Trainee: 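First the structure, then my questions, so here it is.
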Protein chains: 2
Amino acid sequence: MAQKIKLSTIADALGVSTATVSLALRDSALVASTTRERIKTHAREIGYIYNRRAASLRTSRSGIVGVVVHDIMNPFFAEILRSIETELDRSRQTFILSNHYDDLEKQRNFVDTLLQLGADGVIMSPAIGTPPEDIRMAEDNGLPAVLIARDVEGAAVPAFRGDDSYGTALATRHLIELGHTRIAMVGGTDGTSTGRDRYQGYKNAMEAAGLSVDAAWRIPGPRTKQAGFDATERFLSLPGKPTAAVCWNDLSAIGLMNGLFRAGLVAGRDVSVIGYDDLEEAAIATPALTTVWNGQREVGHRAASALVARLNGEEVSAEQELIHPELRIRASTGKPHERN
Amino acid sequence: MAQKIKLSTIADALGVSTATVSLALRDSALVASTTRERIKTHAREIGYIYNRRAASLRTSRSGIVGVVVHDIMNPFFAEILRSIETELDRSRQTFILSNHYDDLEKQRNFVDTLLQLGADGVIMSPAIGTPPEDIRMAEDNGLPAVLIARDVEGAAVPAFRGDDSYGTALATRHLIELGHTRIAMVGGTDGTSTGRDRYQGYKNAMEAAGLSVDAAWRIPGPRTKQAGFDATERFLSLPGKPTAAVCWNDLSAIGLMNGLFRAGLVAGRDVSVIGYDDLEEAAIATPALTTVWNGQREVGHRAASALVARLNGEEVSAEQELIHPELRIRASTGKPHERN
DNA sequence: CTGAAAGCGCTTACAG
DNA sequence: CTGAAAGCGCTTACAG
């Protein structure tokens with residue numbers, strides 16, 4: 001490993017001060033352009049590596065942004081992350097990622113790490129049960145936060161998410177318009193704002209159509225393909241045999257469709273299945289999945305922009321418009337079909 | 001934002017030196033246990049936040065490990081990342097993730113960022129075309145590297161991956177044993193060691209069985225669901241109408257199965273389709289996908305352990321055993337069926 | 001346009 | 001067992 005090269009190495013070699021080198025490398029107009037070029041060329045030639053820790057210690061800006069979500073392996077978050085990445089790349093911020101798996105302790109550890117590293121900000125999809133104090137604590141220690149996908153009441157920071165109640169109502173209404181009257185809701189939880197909103201949207205649409213809502217038709221839980229797959233049996237033996245399922249998300253819907261297929265049933269023909277999110281793979285699923293576009297890219301883009309704005313000292317209102325979901329009709333929903 | 005609390009704040013309040021506080025907080029036996037407890041309690045009470053930048057500047061260890069892969073959104077890498085995460089959590093390393101999307105410049109930028117942050121090491125699945133010098137450069141600047149999934153000839157660092165040639169031969173042989181003689185290869189590239197090895201394994205198995213290999217039966221490229229889906233038409237119009245497809249990975253296989261389904265064909269009955277990787281979703285795909293287990297968790301686990309070992313000053317040989325793939329027979333393969 | 005000097009908040013010999 | 005002091009490698013007033 002070569003001898004450590006620092007600013008003073010360059011300064012000594014070129015007979016200038018470290019102040020001049022520091023300014024030159026950052027393209028300051030304070031340095032004469034000839035000097036600047038001479039310095040930059042030399043730095044490149046000897047392979048100088050800028051020490052961000054030292055700089056950050058001095059300036060107290062680190063160029064690091066933290067992003068914490070439930071699970072980056074989940075394509076829903078992965079799609080959001082992709083657009084966050086695009087946005088942060090643009091403002092040359094490095095981002096550190098973490099899963100919290102809805103474990104508050106893991107989330108706290110991560111926020112702690114960010115504070116220790118002097119991160120500039122954090123984008124989080126808060127773990128279930130996150131108290132507003134956890135977010136205030138970050139803010140109070142100089143770590144501005146922006147929320148995605150879920151809100152935390154009382155946190156008073158900007159949150160970017162879709163209008164879940166409206167979106168699930170859209171999905172439910174689509175099934176009702178096809179003629180379904182017995183509609184199940186598969187997946188989700190009351191532990192998050194999102195979960196409560198989606199169930200509410202489903203109930204609203206049912207009641208608005210004069211249909212009764214049977215609490216037994218709710219199968220809470222599933223949020224993954226595997227869980228949707230595993231819920232198939234329970235769905236098929238539900239009282240009153242619902243003819244359609246509003247699923248928590250595309251993953252659980254695809255899992256359910258796969259499960260139905262194993263049982264000899266085809267979604268869209270024997271049972272209507274509707275998802276939520278409109279993941280990239282929804283369109284190529286078998287059969288193509290009817291779903292509700294949830295604006296992942298939009299969420300990521302807006303959240304990252306808002307955080308960058310906050311980093312630049314701009315005020316960003318904690319009141320943010322919900323993103324407007326849209327129905328995407330494909331092949332997994334159709335007229336009701338009675339099973340026996 | 002509260003007044004900045006540092007070691008000296010605590011030292012002053014308790015009438016001890018910063019050295020003692022520093023040692024106490026790190027549980028040094030050099031500090032009397034009563035003093036230690038007094039310090040730790042006080043630190044917690046006033047909400048002290050450890051400044052890792054300052055510490056790292058002094059010790060030149062940062063507790064940061066970089067991980068760069070083609071695309072974290074790809075479940076293949078996501079599964080590897082999950083086991084890397086488990087391993088790094090154990091040794092309390094923070095990890096920074098990045099996609100390179102096979103863009104050498106993006107990969108270089110990331111390595112640069114790691115160097116600037118004083119990262120302790122990097123785990124990388126090198127971008128296509130990565131020259132060994134890129135890896136030497138990192139190593140020479142004190143950033144030990146460990147490779148996953150792909151190797152870089154001449155890099156002389158440990159690389160953890162499966163025996164691709166053997167694995168694809170397994171897959172191909174399985175089809176041959178079922179009676180297939182015209183077998184296509186869908187997806188992959190010659191740009192990586194993995195790509196070359198897999199094509200070689202396919203050819204080996206075909207030739208060993210006395211079957212001819214038609215270059216036209218190779219459809220290079222697809223590595224995603226969408227691409228596998230899009231390749232369906234080409235596959236169906238291949239000269240000599242192959243009855244089976246060895247796919248690059250599970251994603252392209254699932255995409256192809258979905259495409260076949262749209263064309264009214266069912267994998268395992270009309271066409272045999274075999275994947276590679278054995279992703280979590282392979283078992284619940286429709287139909288359940290026959291594939292080759294590629295040891296993602298094993299790769300992640302071994303790579304992270306090896307890096308941690310290197311960080312602790314242990315020697316890790318650049319010669320690493322290949323992970324032994326295993327066949328997983330499910331429903332997407334069967335006896336040959338002639339189409340017309 | 002350039003330089004000398006202080007300081008960011010830690011840790012680590014060294015002395016006692 | 002504890003303290004005084006130097007130093008990690010930058011940046012930023014300040015002076016010239």
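Fair warning: this is a prediction, and the values are worked out from it, not measured in the lab. Residue numbers start from 1 in every chain, and the chains themselves are labelled A, B, ... in the order their sequence lines are given, proteins ahead of strands.
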Trainee: Please examine the side chains of B:Leu311 and B:Arg61, heavy atoms only from C-beta on, and report whether any two atoms are closer than 4.5 Å.
Mentor: yes

Trainee: Do the side chains of A:Lys6 and A:Asp12 get close enough for a salt bridge, i.e. N-O under 4.0 angstrom?
Mentor: no

Trainee: Given that both pair distances must be under 3.5 Å and the pair must be Watson-Crick or G-U, what runs of three or more consecutive pairs involve DNA chain D?
Mentor: C:1-3 with D:14-16, C:5-12 with D:5-12, C:14-16 with D:1-3

Trainee: Should B:Asp120 and B:Arg310 count as an ion pair when the cut-off is N to O under 4.0 Å?
Mentor: no

Trainee: Under the side-chain contact (heavy atoms from CB on, under 4.5 Å) criterion, do B:Arg52 and A:Thr113 qualify, and how do the steps go?
Mentor: CA-CA 9 Å; B:Arg52 269 165 69 161; A:Thr113 299; 3.6 Å; yes

Trainee: Reading nucleotides 8-16 of chain C from the 5' end, what letters show protein touch, with B for base, S for backbone sugar-phosphate only, - for no heavy atom under 4.0 Å?
Mentor: BBBBB----

Trainee: Mind checking whether B:Leu117 and A:Arg53 have side chains closer than 4.5 Å, heavy atoms only?
Mentor: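 No, their side chains stay 4.5 Å or more apart.
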
Trainee: Please report the C-alpha distance between A:Leu14 and A:Arg38 in whole Å, then the side-chain angles of each, then the deciding distance to 0.1 Å, and finally whether the side-chain contact (heavy atoms from CB on, under 4.5 Å) criterion is met.
Mentor: CA-CA 8 Å; A:Leu14 266 46; A:Arg38 208 159 53 96; 4.0 Å; yes

Trainee: Could you tell me if the side chain of B:Ile135 sits less than 4.5 Å from the side chain of B:Val152, heavy atoms only?
Mentor: yes

Trainee: Using a heavy-atom cut-off of under 4.0 Å over every strand shown, decide if B:Gly15 touches base, sugar-phosphate, or nothing.
Mentor: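 Result for B:Gly15 = sugar-phosphate.
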
Trainee: Under a 4.0 Å N-O cut-off, is there an ion pair linking A:Glu105 with A:Arg108?
Mentor: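 Salt bridge present between A:Glu105 and A:Arg108.
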
Trainee: Rounded to the nearest Å, what distance is computed from the CG atom of residue A:Leu25 to the P atom of nucleotide C:dT2?
Mentor: 14 Å

